[in-house]
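Remarks on the structure that follows.
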2 protein chains.
Amino acid sequence: MRRFRGEAENKVDAKGRVSIPAPFRRVLEEGDPDWSVGVSPNFVIVYGRRNSKCLEGYSLRSINDVDNLVSRLPRYSKEREILERLLNSQSIYAQVDENGRIVLPPKLREKVEINSKAMFVGMGDKFQIWEPNSYQEDMLLMDQKLSENNFEEEIYSLLDYKDNDPKKL
Amino acid sequence: MRRFRGEAENKVDAKGRVSIPAPFRRVLEEGDPDWSVGVSPNFVIVYGRRNSKCLEGYSLRSINDVDNLVSRLPRYSKEREILERLLNSQSIYAQVDENGRIVLPPKLREKVEINSKAMFVGMGDKFQIWEPNSYQEDMLLMDQKLSENNFEEEIYSLLDYKDNDPKKL
DNA sequence: TTGATTTCCATAAAATCCCATGCTAGGTTA
DNA sequence: TAACCTAGCATGGGATTTTATGGAAATCAA
């Protein structure tokens, strides 16, 4: 299955319309069970992330994976209800139109301070939508962290599994 | 499984098109589950490597291995999101055309300062794309390091595993 | 009815496809 | 063995399609 890869900065017009990068559309199409050629795929935008100023787009298939994880928590448990708030309450269905665009509702735009431009960032099974400057800041922060000590090596070393067992975080 | 071996310097034209060395194409074909004779293989170019002025090409199979390792880290963990940034956000799908070429988008060319020539360098399960002069510099640096003390011997000695146990780095 | 939203059409730039050429290495044939 | 053939390769140029984006018309909602 194809993954969300790459970055793209697109314009947001006065009506809140913005193009979804074409490669992302291909992934959304693959990830929508009801999609077929000539139809526009549906997907989900989550705006509940707290510690980062971005929206997150999920194909129907991947949001389903996440929802299934939540469903495994005990019904009515505090934890489950919080997760449902963050992932379900704070999210909307979106539909790509025939020009490859979506409309970002004002509420979502305000949430992440998007005005006239939006940066789309592929993250594998989801993608993020940032105000371009916020994204740049966030990248700088990450760069700094990575240069400190041996953080970069440490990060990559997380991929060195021994005995097929992931390192504990 | 065939590996990326050897070096080749090819021209980059005004449109950013450049031929993938034929032996590399064979490896990419083997590494694309959907490939068959007459079809052009897909693969992935990662441009997120910090501290090195090169792009990295992975067959679908090898990038998939990497992605699977990342997917085993906890969803939404800081570590996973950093790795997704480095490996997914900073990468693109590329498709070899029927003449054996790909298009290097301007952003990637700028990143590694590639202008009219590109050097392809086999690295086993991936290959690198360099601006030829940068590559030469990098090689010189490596040569210097290797001639200091007994660095070359030391390096090769890392291959002496005892009891199937890699030496500690 | 008036503001907001959705649908439809238009366009320029960019990405992709298609065809053509010169070259080289291998193999084939006289 | 020498001349020839052929297939694959690296590269160039033009035609075509897709993308991103702007604006107008149509529909909806308060």
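The analysis underlying the following values was restricted to heavy atoms, covering all of them including side chains, and did not include hydrogens, waters or symmetry mates.
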So A:K107 and A:E110, salt bridge (charged side-chain N to carboxylate O under 4.0 Å, His left out) or not? Walk me through it.
CA-CA 5 Å; A:K107 184 159 78 166; A:E110 284 158 21; over 6 Å; no
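- Using a 4.5 Å heavy-atom threshold, the side chains of B:E131 and B:K53 count as separate.
- The CD-P distance, from B:Q95 to D:dT18, rounds to 14 Å in whole Å.
- For the pair A:K117 NZ and D:dT21 C1', the computed distance is 13 Å after rounding to whole Å.
- Not one N or O on the side chain of B:R5 forms a donor-acceptor pair closer than 3.5 Å with the backbone of B:P23.
- Nucleotides of DNA chain D nearest to A:K11 and A:K15 differ in position, and the one nearer the 5' end is that of A:K11.
- Side chains of A:E154 and A:N150: no donor on one and acceptor on the other come within 3.5 Å.
- Not a single donor-acceptor pair under 3.5 Å links the side chain of B:S62 to the backbone N or O of B:Y58.
- Computed from coordinates, the B:D97 CG to D:dT17 C1' distance equals 16 Å when rounded to whole Å.
- Mapping B:G100 and A:A8 onto DNA chain D by nearest heavy atom places B:G100 closer to the 5' end of the strand.
- Near-neighbour residues of DNA chain D inside residues 17-33 of chain B, defined by a heavy atom below 4.0 Å, number-ordered: B:R17, B:S19, B:I20, B:P21, B:A22, B:R25, B:R26.
- Not a single donor-acceptor pair under 3.5 Å links the side chain of B:D32 to the backbone N or O of B:L60.
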Using side chain to side chain donor-acceptor pair (under 3.5 Å), reason through A:E7 and A:Y135 one step at a time and then give a plain yes or no.
CA-CA 11 Å; A:E7 304 158 307; A:Y135 180 59; 2.6 Å; yes
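- Whole-Å rounding puts the B:E98 CD to C:dC19 P distance at 8 Å.
- Atom NZ in A:K107 sits roughly 13 Å away from atom P in C:dT5 (whole-Å rounding).
- The side chain of A:N10 sits closest to D:dA20 out of D:dT11, D:dA20, C:dC8.
- Axis angle, first five pairs versus last five pairs of the helix from C:dT1-D:dA30 to C:dA30-D:dT1: 30°, rounded to 10°.
- Look at CG on B:D13: it is 18 Å from P on C:dT21, rounded to the nearest Å.
- A donor-acceptor pair under 3.5 Å is absent between the side-chain atoms of A:S19 and the main chain of A:R101, judged by distance alone.
- Contact between the side-chain N/O atoms of A:N99 and the OP1/OP2 oxygens of D:dA20 is not found at any separation under 4.0 Å.
- Among the candidates A:V103, A:D13, A:L104, the single residue satisfying the side-chain contact (heavy atoms from CB on, under 4.5 Å) test with A:V18 is A:L104.
- Mapping B:P105 and B:R101 onto DNA chain C by nearest heavy atom places B:P105 closer to the 5' end of the strand.
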